[in-house]
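Data block below; observations after.
Side chains are part of it too, since the values below use all heavy atoms of this structure and drop only hydrogens, waters and symmetry mates. Letters A, B, ... are given to chains in the order of the sequence lines, protein chains preceding strands, and every chain is numbered from 1. All values derive from a computational prediction rather than experimental measurement.
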Amino acid sequence: MEISRRTSEIATSAATALIGLIVCYGALENGIAWEEAGPSSGFFPFCVGCLILLGSAATGAQATLRPTEGQPPFLDGERARAAILFFLPIVAFAALAVFLGLYIAMAIYIVYAMYGPGKLKLATSIAAGLGVAVVNFVIFEKLFMVPLLKGPVLNAVGIY
Amino acid sequence: MSNISLLLDGFSVALSTHHVLIMVGGVLLGLVVGVLPGLGAPNGVSLLLPLTFSMDPVSAIILLTSMYWGALFGGSTTSILFNIPGEPSSVATTFDGYPMARQGEAVRALTLAFSSAGIGALTGVIVITLLSGWVANFALRFGAAEYFAVYFMAFASFIGMSSGSPFKTLVSMMLGFACATIGADTISGESRLTFDFEQLIGGVSFLVAVIGLFGLGELIMTMEEDLTFHGVKARLSLREIGRAVLELPRYWATVLRSALIGCWMGITPGGPTAASFMSYAIGARFAKDKARFGKGAPEGIVAPETADHSAGSCALLPMLALGIPGSATAAVMMGGLMIWGLAPGPMLFTTRPDFVWGLIASMYLGNIIAVILVLATVPLFAYILRAPFRIVGPMITVVCIIGAYTVASHTFDIWLALIFGVAGYVFKKLDYPLAPFVLAMVLGDKAEDAFRQAMLTSGGSASIFWSNGLVGTMMALGVLLLGLPLISRMLRETGIGLRRKALPQQREIGST
């Protein structure tokens with residue numbers, strides 16, 4: 001699997017153009033007319049949306065017209081795999097954080113990342129996960145007094 | 001001169017034990033941030049910002065700026081020892097720094113880099129000391145129309161002076177504006193671009209965007225490229241350090257020229273990255289011995305480092321005096337000022353002189369502390385970087401996720417940061433600059449307010465932007481800057497344009 005630079009350029013400009021359209025649509029809901037006291041609240045975002053469309057169109061056109069020989073590919077299979085294998089666990093981390101709180105989620109994430117991709121020993125990985133959670137707990141809850149999300153499990157054992 | 005006496009008052013604020021300790025802590029944190037890829041200065045400052053909400057503003061800004069200095073210095077360490085820039089602005093340092101280190105002169109390269117960086121930073125701070133009061137006084141005369149003209153100029157110069165595609169700069173910047181408009185409108189109170197999502201009514205914090213774009217995006221990129229550090233060993237000896245420092249006066253012309261380039265690029269929103277590249281290119285043009293550039297020429301280290309740091313410090317001048325940040329990091333700090341309840345801009349000089357001059361005084365001290373600490377910690381960081389990135393990366397990820405949460409204690413922000421992370425990754429790969437995005441996000445509301453207030457005063461007529469000489473000149477300059485890519489292209493085609501020396505191919509990274 002290989003994604004060429006041109007395909008990715010065009011796809012990205014299409015995506016930004018879509019965002020531009022959404023911005024324009026949202027702005028229309030607020031009204032873009034000029035009233036007595038200057039423009040109404042949708043005017044500025046509407047201009048912004050139009051400029052996004054303009055920039056996206058120009059970028060897309062440049063990518064389409066430019067000769068493609070000699071360009072390195074945007075992504076090949078191996079690199080895509082590395083990026084996805086790094087990103088998916090972060091998504092899982094975020095989902096866990098919503099349900100179990102940040103401390104437990106970060107411990108699980110670190111244990112996984114150290115043991116799996118990190119290729120550390122299981123015992124070391126568990127120690128690292130616990131260590132990261134405890135160090136962050138001390139830094140945020142005790143030193144800076146910024147409470148992080150604890151989640152139901154920590155609440156159940158009396159840590160609020 | 002009144003600025004000097006104000007500066008002395010500032011030193012009395014900055015020189016307390018408490019503040020010096022904060023500086024040391026900030027510089028150390030900054031070094032970590034600067035050394036580790038995936039944690040840059042804008043991202044580092046964003047992560048630290050929520051922790052300063054409970055501090056008093058003077059201590060908070062000293063902490064953040066010290067971190068900024070540390071990050072600027074730390075970025076050079078990895079450039080020289082590992083050929084991997086820890087910061088986008090130290091990319092140009094790798095061209096000659098790493099070859100020199102490979103030839104067994106790592107200490108000479110590091111010392112040259114740090115001492116010229118120190119000189120650059122101090123030049124920048126002196127410029128701030130001398131000019132900021134004057135600029136602020138000048139800006140006191142500004143009305144809404146003038147402010148909008150200044151914003152317009154800042155944004156136009158980003159588009160006009162971008163090294164890549166001006167359209168990509170435009171898209172990036174306008175997406176930043178769009179993100180800034182999400183939430184309640186500051187003038188009418190209507191909710192905009194929220195599409196009935198409850199979580200969006202409060203708006204999207206620029207801190208979350210920075211953490212995603214600069215932090216997570218860079219991490220994914222680093223992981224994908226399978227980064228490994230092939231380091232050069234550095235053993236510090238005081239004699240070698242001394243010899244390198246004594247060598248520096250020989251490059252006075254390079255230092256002077258680079259400092260000037262840096263100051264200019266820092267005050268106009270070119271930023272440190274552009275400054276260091278430009279200074280390197282010009283240094284190579286003027287060098288007597290051109291062939292040595294790229295193979296470990298000392299001028300090739302001195303030029304980008306001096307410019308990088310003078311631009312880095314000068315970027316704070318327009319932030320303080322006008323409320324317009326000269327770089328992405330300065331933009332984040334300005335966001336911080338607003339959160340602490342201070343309005344950046346000319347009024348700050350009269351309402352909070354202790355804050356402004358305490359900060360300026362701390363810049364002198366902070367940079368001196370940074371030079372000493374960065375040299376002292378080279379062996380430590382060289383050791384840390386030997387840990388494989390697949391171990392370090394997840395640790396940085398945890399910091400970024402926590403950072404996104406601490407901005408407002410919303411789990412929704414974590415998801416937003418992930419989305420921004422993917423966007424940042426794609427944008428970086430496709431050479432969309434990220435600094436304009438951040439700048440637009442921080443300044444978006446202010447620019448729009450200025451525009452609409454100007455419209456209110458003029459009764460809806462756009463002629464207010466040409467109503468007097470000052471605002472007219474600024475608008476005209478802005479339009480000229482916008483047309484710069486077009487003009488330079490026409491010049492090139494007719495063969496009049498200056499032929500620029502080609503720099504070694506490097507991926508374009510958003511400026512700090």
Checklist line | Stepwise side chain to side chain donor-acceptor pair (under 3.5 Å) test for S4(A) and T7(A) | finding: CA-CA 5 Å; S4(A) 75; T7(A) 316; 2.7 Å; yes
Margin query: Quick test of your reading of the model: are E224(B) and K429(B) salt-bridged, counting only N-O distances below 4.0 Å?
Written below: yes
Next item on the list: Return the option, out of I110(A), I84(A), L85(A), L53(A), with the maximum number of heavy-atom pairs under 4.5 Å with chain B.
Entry: I110(A)
Item checked: chain B interface, residue from M114(A), Q62(A), K119(A), R81(A) that has the most non-hydrogen pairs under 4.5 Å -> M114(A)
Checklist line | Proximity breakdown for A27(A) and chain B, heavy-atom pairs closer than 4.5 Å | finding: backbone
Checklist line | Among the listed options L418(B), I182(B), I414(B), the residue most often paired with chain A at heavy-atom distances under 4.5 Å | finding: L418(B)
Check: Does a side chain donor of either S13(A) or T59(A) reach within less than 3.5 Å of an acceptor in the other side chain?
Finding: no
Notebook entry, point to check: Highest number of heavy-atom pairs under 4.5 Å with chain B: which of G26(A), G118(A), A97(A)?
Noted result: G118(A)
Margin query: Does any backbone or side-chain atom of L102(A) lie under 4.5 Å from a heavy atom of chain B? Answer side chain, backbone, both or neither.
Written below: side chain
Next item on the list: Would you mind reporting whether F44(A) and F177(B) have side-chain heavy atoms less than 4.5 Å apart?
Entry: yes
Notebook entry, point to check: In terms of heavy-atom proximity below 4.5 Å to chain A, should L170(B) be classed as side chain, backbone, both, or neither?
Noted result: side chain
Note to self: Is it the case that over 12 heavy atoms from other parts of the model lie below 6.0 angstrom from the CZ atom of F195(B)?
What the structure shows: yes
Notebook entry, point to check: So which part of P147(A) gets closer than 4.5 Å to some heavy atom of chain B, the side chain, the backbone, both or neither?
Noted result: backbone
Margin query: If I measure from the heavy atoms of chain A, does F412(B) come under 4.5 Å with its side chain, its backbone, both, or neither?
Written below: neither
Checklist line | Segment of Y112(A) engaging chain B (4.5 angstrom heavy-atom cut-off) | finding: neither
Next item on the list: Look at the aromatic rings of F148(B) and F465(B) and report parallel, tilted or perpendicular, splitting at 30° and 60°.
Entry: tilted
Notebook entry, point to check: Does a side-chain heavy-atom distance below 4.5 Å link L219(B) with F389(B)?
Noted result: yes
Checklist line | Contacting moiety of L149(A), where chain B heavy atoms sit under 4.5 Å | finding: both
Next item on the list: Answer with side chain, backbone, both or neither: which region of F427(B) has an atom nearer than 4.5 Å to a non-hydrogen atom of chain A?
Entry: side chain
Margin query: Ring-plane angle category for F43(A) and F451(B), please: parallel below 30°, perpendicular beyond 60°, tilted otherwise.
Written below: parallel
Checklist line | Interface moiety of V146(A) toward chain B, non-hydrogen atoms closer than 4.5 Å | finding: side chain
Check: Given that the side chain runs from C-beta out, which part of M55(B) has a heavy atom under 4.5 Å from chain A: side chain, backbone, both or neither?
Finding: neither
Notebook entry, point to check: Has Y25(A) got more than 12 heavy atoms of other residues, nucleotides or ligands less than 6.0 Å from its OH?
Noted result: no
Next item on the list: Please say whether more than 12 non-hydrogen atoms of neighbouring residues, nucleotides or ligands are located less than 6.0 Å from OH in Y115(A).
Entry: no
Item checked: S165(B) (side chain) donor-acceptor with K168(B) (main chain) under 3.5 angstrom -> yes
Margin query: Which atoms of S458(B) are under 4.5 Å from chain A, going by heavy atoms: the side chain, the backbone, both sets, or neither?
Written below: neither
Note to self: Please classify the contact between I220(B) and chain A as side chain, backbone, both or neither, with a heavy-atom cut-off of under 4.5 Å.
What the structure shows: both
Notebook entry, point to check: Do you know which of L120(A), V132(A), T16(A), T12(A) has the most heavy-atom pairs with chain B at a distance under 4.5 angstrom?
Noted result: T12(A)
Checklist line | Closest-packed option against chain A by number of heavy-atom pairs under 4.5 Å, given V171(B), L430(B), L193(B), T169(B) | finding: L430(B)
Next item on the list: Could you tell me which portion of F74(A) (side chain, backbone, both or neither) has an atom closer than 4.5 angstrom to a non-hydrogen atom of chain B?
Entry: both
Check: If you tally heavy-atom pairs under 4.5 Å against chain A, which of D185(B), V398(B), T181(B) wins?
Finding: V398(B)
Check: Does the cation-pi check pass for K150(A) over Y103(A), that is, NZ or CZ under 6.0 Å from the six-membered ring centre and within 45° of its axis?
Finding: no
